[in-house]
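Before any comments, here is the structure.
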Amino acid sequence: MKSKIKDYDAIIVGGGMVGAAAALGLAQAGWHVAVIEHEHPEPFVPNSAPDIRISAIGCTSVNLLRRLGAWQDTAKMRVAPYRKLETWEWNESKVVFDAESLSLPELGFMVENRLLQLGLWQQFPQYTSLHLYCPSQLVSMTRSTQQAHQWELILNSGEHLRSPLVIGADGANSMVRKFAGIGVTGWQYRQSCMLITVETEQPQQDATWQQFYPSGPRAFLPLFDQYASLVWYDSPARIRQLQAMTLAELQKEVLQAFPERLGQVTVKAAASFPLVRRHAQQYFKSGVVLIGDAAHTINPLAGQGVNLGYRDVDTLLNVLLAARKKGEDYAQDAVLGRYQCRRYPDNQLMQAGMDIFYSAFSNQLPPLRLLRNVALMAAQRSGKIKEWALKYALGL
């Protein structure tokens, strides 16, 4: 027996860090919203070790989370501020960005992805117009045969939902994107990435740093207490080799491979993933709009992935709420096109910038090595240009 159709102003597929933020923003404005997510985030346990998946949240993203009422609850769990960012290949070519240069208390925070999601989900009960379907998965998504300009979604639970607007926030392998027939371009980089959670002998630090090596960069991300996250880029074969090691064996490799400034560490956990670049050929189509990783994935060199997703959310909320206030059909292409016009070039520029950076530091020709280190030295002394680059990365 077919279940009764439930109508919503918008349906968001994906209740992760980005989708949950979009849902809250619409619910705050009184929209009748459905969120579809396949699993609940694990509850927070004080004094537990950090999750392997973390994000560097810039100050602009923090401001969005504050407006949504989610940052306060997230910060009560655990976050680690970072006030300085350093990058170098040769010791003489170090570039340092710091919060003080922009008169900011911090550049941002290192936060576990799950805790970001939890902080957002804890706001859901405040809004009776927000309905969470979890655990649920999208089974089908088709244009309604009964009502024009509506999408009908069927979940694995048998629930039948309908809305003029579907927001795809369901990640890099987005089902919403596939159902909508939106193509994607991209490729896999010649490197993979390993995330390593460690406990350090040093007290909590407020600087994140990254050094470039012939095989790829290695980075340090400070976490709470004496925990930190290490990021190791290398060839897929080398990362597979590291992944097969015991934690004790991996610890020896880390101490040999990372700069001396890391000091002594104890490896607690590790995970790896390939580096893939994807970009949807368009961000909207016939009442469907994409945000976050469903629209774009980026080389994680500069930690901009989730920040770009939050910029998507902020822009989409502004576009949708303004259109509804004017009495426009907010799901029509003319409205969703405004969102694409504002976000597509920015995301494309950030992707291209990371690709240029990646390509420049992946080549070991001596003349190019000299040129890029000279460029880093010039960047450190560039004053206003360096300040502009930092502001752009932070979304200021």
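Heavy atoms only, all atoms of each residue included: C193 and V231 are closest at SG-CG1, 3.4 Å. Scanning both residues, I12 and A169, for their nearest heavy atoms gives CG2-CB, 4.3 Å. Considering every non-hydrogen atom in both V18 and G309, the closest pair reads CG1-O, 3.9 Å. A pairwise comparison of heavy atoms in L104 and C59 identifies CD1-SG, 4.1 Å as the closest pair.
A salt bridge links K6 to E159: at least one charged side-chain nitrogen sits closer than 4.0 Å to a carboxylate oxygen. Ion pairing of R311 with D314 is absent here, as no side-chain N (NZ or NE/NH1/NH2) approaches a carboxylate O to less than 4.0 Å.
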Can you list the steps and then say if L85 with W209 is a side-chain contact (heavy atoms from CB on, under 4.5 Å)?
CA-CA 6 Å; L85 189 159; W209 49 259; over 6 Å; no

Between E199 and K268, is a salt bridge (Lys or Arg N to Asp or Glu O under 4.0 Å) present by the stated rule, with each step listed?
CA-CA 7 Å; E199 194 167 6; K268 296 294 186 179; 3.6 Å; yes

One pair to check against side-chain contact (heavy atoms from CB on, under 4.5 Å): V335 and D329. What are the steps and the verdict?
CA-CA 8 Å; V335 171; D329 175 2; over 6 Å; no

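Checking M110, Q205, E106 one by one against Y82, the side-chain contact (heavy atoms from CB on, under 4.5 Å) holds for a single residue, M110. With Y310 as the fixed residue, the side-chain contact (heavy atoms from CB on, under 4.5 Å) test singles out one of N63, L65, V62, T60: L65.
Under the 4.5 Å side-chain heavy-atom criterion for grouping Ile, Leu, Val, Met, Phe, Trp and Tyr, L155 is connected to F179 within one hydrophobic cluster. No chain of hydrophobic side-chain contacts below 4.5 Å, direct or via other Ile, Leu, Val, Met, Phe, Trp or Tyr residues, connects Y8 to L320. L255 and M194 fall within the same hydrophobic cluster, defined by Ile, Leu, Val, Met, Phe, Trp and Tyr side-chain heavy atoms under 4.5 Å apart, directly or through other members.
Under the 4.5 Å side-chain criterion, counting only non-hydrogen atoms from C-beta, V33 is not in contact with S129. H38 has its side chain out of reach of P135: every pair of non-hydrogen atoms, C-beta onward, lies at least 4.5 Å apart. Side-chain contact between L64 and R67: present, with at least one pair of heavy atoms (C-beta onward) separated by less than 4.5 Å. Side chains of V13 and M175 form no contact here, defined as non-hydrogen atoms less than 4.5 Å apart. Between V35 and L130 the shortest side-chain heavy-atom distance falls below 4.5 Å. Residues R238 and E253 form a side-chain contact, since some pair of their non-hydrogen atoms from C-beta on lies under 4.5 Å apart. Here the side chains of L242 and I196 are not in contact, with every heavy-atom distance at 4.5 Å or above. Contact of the S136 side chain with the I36 side chain is registered, since non-hydrogen atoms from C-beta on lie closer than 4.5 Å.
The distance from atom CZ of F44 to atom OG1 of T74, rounded to the nearest 0.5 Å, is 10.5 Å. Distance check, rounded to the nearest 0.5 Å: CE of M17 to CG of D293 gives 7.5 Å. From D51, atom CG reaches atom CG of L223 across 10.0 Å, with rounding to the nearest 0.5 Å. Residue M77 holds its CE atom at 8.0 Å from CG of L116, rounded to the nearest 0.5 Å. Interatomic distance, OG of S229 versus CD1 of I54, reported as 4.0 Å (0.5 Å rounding).
Counting heavy-atom neighbours within 6.0 Å of Q204 CD, excluding the residue itself, gives a total above 12. Atom CZ of R53 is surrounded by 12 or fewer heavy atoms from other residues, nucleotides or ligands within 6.0 Å. Counting non-hydrogen atoms of other residues, nucleotides and ligands closer than 6.0 Å to CD of E100 gives a total of 12 or fewer. For K178, the NZ atom sits in a packed shell: over 12 heavy atoms of surrounding residues, nucleotides or ligands are nearer than 6.0 Å. The number of heavy-atom neighbours closer than 6.0 Å to NE2 of H149, taken from other residues, nucleotides and ligands shown, is 12 or below.
Within the cation-pi definition used here (under 6.0 Å to the ring centroid, within 45° of the axis), R162 does not qualify as a partner of W151.
In this structure a side-chain-to-backbone donor-acceptor pair under 3.5 Å is present from Q191 to S215. In terms of modelled atom types and a separation under 3.5 Å, the side chain of R277 and the main chain of T185 share no donor-acceptor contact. A donor-acceptor contact shorter than 3.5 Å is absent between the side chain of D225 and the backbone of Y227. At distances below 3.5 Å, not a single donor-acceptor pair connects side-chain atoms of H279 with backbone N or O atoms of Q348. Looking only at distances, no side-chain donor or acceptor of R218 sits under 3.5 Å from a matching main-chain atom of Y213. Counting only distance, with no hydrogens or angles, the side chain of D170 and the backbone of V176 share a donor-acceptor pair below 3.5 Å. With hydrogens and angles disregarded, a donor-acceptor distance shorter than 3.5 Å links the side chain of N156 to the backbone of Q137. A distance-only check finds a donor-acceptor pair linking the side chain of Q123 to the backbone of G119 [under 3.5 Å]. Between the E152 side chain and the I5 main chain, no donor and acceptor come within less than 3.5 Å of each other. Remark: the backbone N or O of P105 is paired with a side-chain donor or acceptor of R83 at under 3.5 angstrom.
Under the 30°/60° scheme for interplanar angles, the aromatic rings of Y283 and H296 are found to be tilted. Relative ring orientation between Y330 and W31 is described as tilted, the plane-to-plane angle lying within the 30° to 60° band.
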